[in-house]
Amino acid sequence: DMISRLFSNLPGFAYRCKYDENWTMQFMSDSCKMTTGYLPEELINNKLIAYGNIIHEDDRDNVSQAIADSLKSHDHFEIEYRIITKEGEIRWVWERGICIRTNSKDPIAVEGYITDIHQHKTSQFQKIESDQRYHYLVDLSPDIIFVLDSNGKIIDYKSDKSDLYYQESDLSNKNIFEILPSEVVKSTKIYLEKTLKTHSMQIFNYSLDISGKGTCYFEARMVESAPKEVTVIIRDITIQRMMELDLIKAKDQAEESNRLKSAFLANMSHEIRTPMNAIMGFSNLLLRKSDEQERSKYVKLITKSSEYLLHLINDVLLYSRLQSEEIPIKLSVIELDVFIQNLYDTFKMTGIKENINFYKWISSDCKKLSIMGDHEKIWEILTILTSNALKYTESGEVKIGCKTKNNRIHFYVEDTGIGVPDNEKNKIYDRFYRAVNVQSTNTGGSGLGLSIAKELVDLMKGDIEVWSTEGKGSCFNFSIPLIVAESESIEAPLNTEMPLKMKDMIVLIAEDDAYNYMYLYELMKDCVARIDHALNGQEAIIFESKNHYDLILMDIKMPIMNGNEAIKQIKVGNPDVPIIVQTAYAQSEEKEETMKAGADAYLVKPIDQNELKKVISSICHVDSCNND
Ligand code: ADP
């Protein structure tokens, strides 16, 4: 019983059990109650429960395996496993033992010692877990972390390779002030001192120019993590900073665009009222005055103002269209000398200021040259540039022309007008923008022309530039890649019919609007033999089936049956009758649809008499009527 006494002083218990699957206990020292909660007599011979059954289910195989291994190796085994105590609690135990054999070497028993290690085991787990958690946290953080002493010596750090904006790869025991770029050293020193002095967190920002990355922005947070020691977490905030800067820029732009829009509206109201006043005022005077000379002066002023209004409306419509849709590029053959000549003639017709010498110049390489280009867009751009040149020039010259250079075709418009101030050369392409020097003059404008031109140039992958000296003049130049057109050998088919005289023509006008009809009637009544009037597409078809017409003028938007439908049906029965469409839709898709329906020509309202005559003579092969 000395042995029993000795054992009772130990924290664990000694045992001997059978080498069977229950580890049937044969002997257990008294202290087994402290570890397992069971009295020895409850376990011995499996009286209440077998020892094998109080081993945690998940650990039973491990225990058997360890004992089997030790049997093989003739050595002691040492294992840690869990048991379920009598009170039902899980408890970690440590066991050391050895197998006892018979003479024939078969195992008959196991003897050993088992003790409670629960507390030790769980505190060890807690530590491993909390250490790991801390490491995960640090690893997961995208930030750079330094632990520094009060002199700036690096005690510990965490940084991805990609974060290292310094040469050294191992930073421990180096001084941070030797590593940081000089521009940051000063502020870091100040904040280090401040953190240790105030014992409170300091936050500061700095930026660095990093080769290959440009300017990067950082935010540093510094805390006193131990006496005379700080931890600083540095975060790369470049992306946020960039977003912030972009936002500020966008806000400024939005404000500027808002300001321009208000200025535009104020300007527009002026731009619309001025010609409207002229039109209404002079129309009233027309009614009252009988002097022919005066009246013709008024009519000219009314015409001029109307043209101006139309131009303004076209600009606004085109601009809003450019903003809202993708506009396709349509290439066609452009004969440069004809093109420039037409542009020149168009402006010449509108009347040029007396003191301006307006002329065209086509370089020798462009004469007889045909290119592939978007006729409509190039025309629109040159129209904008030319009307600006004529508008902003009081006297001297305005020259339009083209030349080829470096495989590009250059169109230019040069003037001797007021010029563009140097610091505004880029701004004039902004929508609604008007330079300071024109604002003080009386020249009207919406500030949309050049922004339209620029968008059209961009659509064609072209360039637009201006050279200008304020007070001396400007030269606007736009260029697009040169694509020379294959020479067209197909000549226009010879007209074998006897040429018709316009005077003998019988004409049908399909037009639902009374004023528009009256206008067309006035334009044509003295030139042709007879004019019939159909009020819609269906009437036009009926008229056409009962009469012979040399020409049909067809409106598109009409009630009952629209113009396109009527054209299709008329052309089925009479493919040769020439049809000219007149429409208020100024969009090229409309034109395409109409031409597909079978129309021979297309005119946009308001219709110009000269243009109408030109078109008639070309599609009807007649001599035009010269009664102006
Ligand atoms: P608008 O002529 O209707 O004002 P634009 O967009 O066509 O608008 O032109 C923008 C500005 O560019 C004009 O207001 C003017 O200040 C300047 N500008 C354009 N063309 C010329 C030119 N040929 N000479 C001098 N200034 C010009």
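Side-chain atoms are counted along with the backbone in the values below, which use heavy atoms only and exclude waters and symmetry mates. Whatever order the structure lists them in is the order used to number ligands and atoms, beginning at 1.
- Per-residue contacts place Val420 under 4.0 angstrom from the following atoms of ligand 1 (heavy atoms of the residue considered): 25 (C), 26 (N), 27 (C).
- At the top of the distance list for atom 12 (O) of ligand 1, counting protein heavy atoms only, stands Ile428 CG2, 3.2 Å.
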request  = Quick one: do Arg408 and Asp463 satisfy salt bridge (Lys or Arg N to Asp or Glu O under 4.0 Å)? Show the steps, please.
outcome  = CA-CA 10 Å; Arg408 294 176 81 81; Asp463 281 321; 3.6 Å; yes
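- Checked for salt-bridge contact, Lys251 and Glu255 meet the test: a charged N lies under 4.0 Å from a carboxylate O.
- For CZ of Arg235, the number of neighbouring non-hydrogen atoms (other residues, nucleotides, ligands) closer than 6.0 Å is 12 at most.
- At the top of the distance list for atom 8 (O) of ligand 1, counting protein heavy atoms only, stands Gly447 CA, 3.1 Å.
- Ligand 1 is never approached by Tyr429 to a heavy-atom distance shorter than 4.0 Å.
- Ring-centre distance between Tyr344 and Tyr359: not below the 6.0 Å cut-off.
- Taking 4.0 Å as the cut-off between side-chain N and carboxylate O, Asp458 and Lys461 do not count as a salt-bridged pair.
- Ring-centre distance between Tyr517 and His533: below the 6.0 Å cut-off.
- When the heavy-atom distances from atom 4 (O) of ligand 1 to Arg434, Glu414, Lys427 are ranked, the shortest goes to Arg434.
- Here's the thing with Asn437: none of its N/O atoms is less than 3.5 angstrom from an N/O atom of ligand 1.
- Checked for salt-bridge contact, Glu256 and Arg259 meet the test: a charged N lies under 4.0 Å from a carboxylate O.
- Contact atoms of ligand 1 toward Tyr433: 10 (C), 11 (C) (distance under 4.0 Å to a heavy atom of the residue).
- For atom 15 (C) of ligand 1, the closest non-hydrogen atom of the protein is Val438 CG1, 3.6 Å.
- When only interatomic distances are considered, the shortest N/O to N/O separation between Gly449 and ligand 1 falls below 3.5 Å.
- Within ligand 1, counting atoms from 1 as listed, the ones closer than 4.0 Å to a heavy atom of Ala435 are 14 (O), 16 (O).
- Near Ala389, with a cut-off below 4.0 Å to any heavy atom, the atoms of ligand 1 are 23 (N).
- Remark: minimum distance from atom 2 (O) of ligand 1 to any protein heavy atom is reached at Tyr392 OH, 2.6 Å.
- Scanning the protein for heavy atoms near atom 24 (N) of ligand 1, the closest one is Ser474 OG, 3.4 Å.
- Of the candidates Gly419, Ala453, Gly417, it is Gly419 that places a heavy atom closest to atom 25 (C) of ligand 1.
- Comparing heavy-atom distances from atom 6 (O) of ligand 1 across Val466, Val413, Asp415, Leu450 singles out Leu450 as nearest.
- In this structure, atom 7 (O) of ligand 1 lies nearest to the protein heavy atom Asn388 ND2, 2.8 Å.
- Within a 6.0 Å sphere centred on CD1 of Ile248, heavy atoms belonging to other residues, nucleotides or ligands number more than 12.
- Ring to ring, Trp379 and Phe339 are close: their centroids are under 6.0 angstrom apart.
- Taking a cut-off of under 4.0 Å to the non-hydrogen atoms of Lys391, the atoms of ligand 1 that pass are 1 (P), 2 (O), 3 (O).
- There is no side-chain donor-acceptor pair under 3.5 Å between Tyr392 and Asn437.
- The atoms of ligand 1 that sit less than 4.0 Å from any heavy atom of Leu448 are 6 (O), 8 (O).
- Looking only at atom types and distance, the side chain of Gln341 has no donor-acceptor partner in the side chain of Asp337 under 3.5 Å away.
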